[in-house]
Amino acid sequence: MQSAQAADKPAPGGEPLQERRHPHGAALVPSGTVILAATPIGNTADASARLVALLEHVDIVAAEDTRRLYDLANRLGVHVNGKVIAYHDHNERNKADGLLDEVAQGASVLVVSDAGMPTINDPGLAIVRCAIERGIPVTCAPGPSAVLDALALSGLPTDRFCYEGFLPRRHAERMQRLRALRAEQRTIVFYETLHRIADSMDDLLAAFGPGRPMALCRELTKDYEEIRRGGVERIRQSVIDDPPRGELVLVIGGADDETAALETPDALGVDELAALSLKRSQSQGERIKDSIAQIVAEHPLPDGSLANRKEIYAAVLVLRDGAC
Ligand code: SAM
């Protein structure tokens, strides 16, 4: 969902969008098919000729927000001739079957979200799944999506990457997710919101360290597009000094071989964690509870969560008593 509609760029003066319409637009619309279509993420001129033809000629447009659909159609100079229905996160499961009944009768149904590719943190997946189950054709008119735009502009490796959507809102869950990604060697792409960026940068620093390369990409394809590249600490400081505005994507470089080997969760069991804690407590002269806390933090479980300290404490007592 775009936050700054007003920032959308109009079509550049040199190329009236209507002239890019496909002369055989109607012929491009497959009947009896669901079509997912990407819409611009900021720059109206990124709309494809195929999107324009589809908006004009499909039987039904299922739009995340119908007002935004008409606004886009206006900017593109397209008249939407088909029926328009609201198709969003809250109703997509219920609406999918009814829409597919119409497709089964020969209708063409276009699915669009507010911006970018449907299904990518946007509605669309429910109808794709139902269509697959029912053996109904589903196709895609690809186009803008912030994931690939940010990845390509980040300057980080693009040969292997993973998309992690939005980070969890709560600190503890966010840290669990990030810990589970410490050893990830592919480039990692996150979506982020303005009101969480400062907290997320603190957590990225804690999880990946100051030097891990990253890019903060904001307002992609819009007038104020900006890419900040550098180590996590540098980008974090830039967020403090000059808080970014608009829509954001974060791209984080993957772990190098050495970091990956060090950080790969070794899934130590309770007894092993207890033995390590006891050893550390004895060699450092620390309170056992402090040693357990440190050992647990240093050895996250494979899903990034931390072992239960009470269980380890109980195992330490057994070990210690056994040793007495
Ligand atoms: N379906 C969309 C896509 O394919 O990119 C993503 C929709 S998701 C609800 C919205 C998020 O995508 C924003 O919060 C932001 O993280 C990212 N995003 C979308 N447009 C963007 C833009 N122009 N610049 C930077 N990030 C953008």
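When a ligand or atom number is given, it counts from 1 through the structure's own listing order.
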Just jot down the ligand 1 atoms closer than 4.0 angstrom to any heavy atom of K222, in number order.
-> 23 (N)
Identify, by atom number and element, the atoms of ligand 1 in contact range of I120, meaning under 4.0 Å from any of its heavy atoms.
-> 1 (N), 2 (C), 4 (O), 6 (C), 7 (C)
Any nitrogen or oxygen of A115, main chain or side chain, under 3.5 Å from a nitrogen or oxygen of ligand 1?
-> yes
Pair D122-S113, side-chain donor/acceptor within less than 3.5 Å = yes
Sequence neighbours left out, what passes side-chain contact (heavy atoms from CB on, under 4.5 Å) with P213? Give chain and number order.
-> L156
With side-chain hydrogen bond (donor to acceptor under 3.5 Å, both in side chains) as the test, would you mind laying out the steps for E286 and S281 before giving the verdict?
-> CA-CA 5 Å; E286 285 175 353; S281 162; over 6 Å; no
Contact between T221 and ligand 1, counting heavy atoms under 4.0 Å?
-> no
If you count the atoms of ligand 1 from 1 in the order shown, which ones are under 4.0 Å from a heavy atom of V249?
-> 25 (C), 26 (N)
Could you list which atoms of ligand 1 come closer than 4.0 Å to a heavy atom of G116?
-> 3 (C), 4 (O)
Polar-atom distance check: Y191 versus ligand 1, any N or O pair below 3.5 Å?
-> yes
Ignoring angles and geometry beyond distance, decide whether C217 reaches within less than 3.5 Å of ligand 1 through its nitrogen or oxygen atoms.
-> no
Give the atoms of ligand 1, by number and element, whose distance to some non-hydrogen atom of S145 is under 4.0 Å.
-> 3 (C), 4 (O), 5 (O)
Would you call K83 and E102 a salt bridge, using N to O less than 4.0 angstrom?
-> yes
Is a salt bridge present between D242 and R228, judged by a nitrogen-to-oxygen distance below 4.0 Å?
-> yes
Check T193 against ligand 1 and report side chain, backbone, both or neither, counting heavy atoms closer than 4.0 Å.
-> neither
State plainly whether the residues E247 and K222 are in salt-bridge range, i.e. N to O under 4.0 Å.
-> yes
Yes or no on side chain to side chain contact (heavy atoms under 4.5 Å, CB included) for M117 and T39, after CA distance, side-chain angles and deciding distance?
-> CA-CA 7 Å; M117 180 61 77; T39 54; over 6 Å; no
Taking both backbone and side-chain atoms of S113, is any N or O found less than 3.5 Å from an N or O belonging to ligand 1?
-> no
Salt bridge flag under 4.0 Å for residues R170 and E173 | yes
Contacting atoms of ligand 1, where contact means under 4.0 angstrom from a heavy atom of M117 | 1 (N), 3 (C), 4 (O)
Location of contacts on A150 toward ligand 1, heavy atoms closer than 4.0 Å | neither
So, is L248 polar-close to ligand 1, with some N/O to N/O distance under 3.5 Å?
-> yes
List every atom of ligand 1 that sits less than 4.0 Å from any heavy atom of F166, numbering the atoms from 1 in the order shown and giving each element.
-> 11 (C), 14 (O)
Residues that T259 engages under side-chain hydrogen bond (donor to acceptor under 3.5 Å, both in side chains), provided they are two or more places apart = D256
Heavy-atom contacts with L220 under 4.0 Å: which atoms of ligand 1 show up? List them by number with element.
-> 22 (C), 23 (N), 24 (N), 25 (C)
Look at D101 together with R134 and state whether they make a salt bridge at an N to O cut-off of under 4.0 Å.
-> yes
